[in-house]
J.: 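Please read through the structure below; I'll follow up with questions.
Scope of the values below: all heavy atoms of this structure, side chains included, with no hydrogens, waters or symmetry mates. Per chain, numbering begins at 1; letters A, B, ... match sequence-line order. Given the structure is predicted, the values throughout are model-derived calculations rather than measurements.
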Amino acid sequence: MFIGELSRQTGMSTRGLRYYEQQGLLQPRRRPSGYREFEDSDVDRVRRIRVLLAAGLNTDLIREVLPCMADDGAILAPTCEEMAQDLVRERERMSRSIEELKSAHAMLEAIIHAGEPLTAQTDC
DNA sequence: ATTCTGACA
DNA sequence: TGTCAGTA
């Protein structure tokens, strides 16, 4: 199928589909015309990609992890142990980011409270 | 009618 | 990511 049909079957814009290809997530064949030729299995592949993206993984990691993901139609499950480790590391990075945000959030809150009650405004 | 690449009032 | 352009 061409990109238009894959787009309809997945709900992903053709722009997004081309972007996935650039990121190495999809590797369609090319017709002599230059048109991208996708496999029927790509419909499901796109679905998996979206799940992984929604889980916060960047395209680099998805590219590595995608090949060994079992898909029972409902959820994705890691196949190899190495990948499982990659996912755990990613989740740890995520946790660190959350902590950093919490810290920044607390500081901003302190700054906001330090300004209360708002009374005589000098310059601003 | 469709897709392709490159680019951005 | 959308979208417009100029093609094939």
J.: Quickly work out the Leu17(A) CG to dT2(B) C1' distance and round it to whole Å.
T.: 14 Å
J.: Atom CZ in Arg50(A), atom CD1 in Ile62(A): separation rounded to 0.5 Å?
T.: 12.0 Å
J.: Both distances below 3.5 Å, Watson-Crick or wobble geometry, any strand: find the nucleotide opposite dA7(B).
T.: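 Pairing partner, where one exists within any strand: dT3(C).
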J.: Nearest whole Å is fine: how far is dC4(B) P from Leu26(A) CG?
T.: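 That distance rounds to 12 Å.
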J.: Consider only side-chain heavy atoms of I, L, V, M, F, W and Y, link residues closer than 4.5 Å, and tell whether Leu52(A) and Tyr19(A) are in one cluster.
T.: yes
J.: On DNA chain B, nearest-nucleotide positions of Arg15(A) versus Arg18(A): which is more 5'?
T.: Arg18(A)
J.: Is Arg30(A) salt-bridged to Glu37(A), cutoff N-O under 4.0 Å?
T.: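 So Arg30(A) does not pair with Glu37(A) through a salt bridge.
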J.: Nearest-Å distance, CE (Met1(A)) to C1' (dT3(B))?
T.: 16 Å
J.: Specify the separation, in whole Å, of atom CD1 of Ile3(A) and atom P of dT5(B).
T.: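 After rounding, the reported distance stands at 9 Å.
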J.: Between Arg36(A) and dT3(B), does any side-chain N or O lie under 4.0 Å from OP1 or OP2?
T.: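 Indeed not, no polar side-chain atom of Arg36(A) lies that close.
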J.: Once you apply the 3.5 Å cut-off to both distances, tell me the Watson-Crick or G-U wobble partner of dA8(C), or none.
T.: dT2(B)
J.: Report the distance from atom OG of Ser7(A) to atom CE of Met1(A), rounding to the nearest 0.5 Å.
T.: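 Ser7(A) OG to Met1(A) CE: 11.5 Å, rounded to 0.5 Å.
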J.: Looking at SG of Cys68(A) and CG of Asp86(A), how far apart are the two atoms once the value is rounded to the nearest 0.5 Å?
T.: 8.5 Å
J.: Mind checking Thr14(A) for me? I need base, sugar-phosphate or nothing, with any heavy atom below 4.0 Å counting as a touch.
T.: nothing
J.: Return the value, rounded to whole Å, for the distance between atom CD of Glu5(A) and atom P of dA1(B).
T.: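 So the CD-P distance, Glu5(A) to dA1(B), works out to 18 Å.
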J.: Strictly below 4.0 Å: does Ser13(A) bring a side-chain N or O up to OP1 or OP2 of dG2(C)?
T.: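 Affirmative; the distance criterion is met.
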J.: For the base of dT1(C), is there a side-chain donor-acceptor partner from Tyr19(A) under 3.5 Å away?
T.: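 Under the 3.5 Å cut-off, the side chain and the base do not form any donor-acceptor pair.
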J.: Would you kindly give the CG-to-P distance between Leu6(A) and dT2(B), to the nearest whole Å?
T.: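 Between P of dT2(B) and CG of Leu6(A): 16 Å.
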J.: Counting any heavy atom closer than 4.0 Å, what does Arg30(A) reach on the DNA or RNA strands: base, sugar-phosphate only, or nothing?
T.: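 Sugar-phosphate, no base atom in range.
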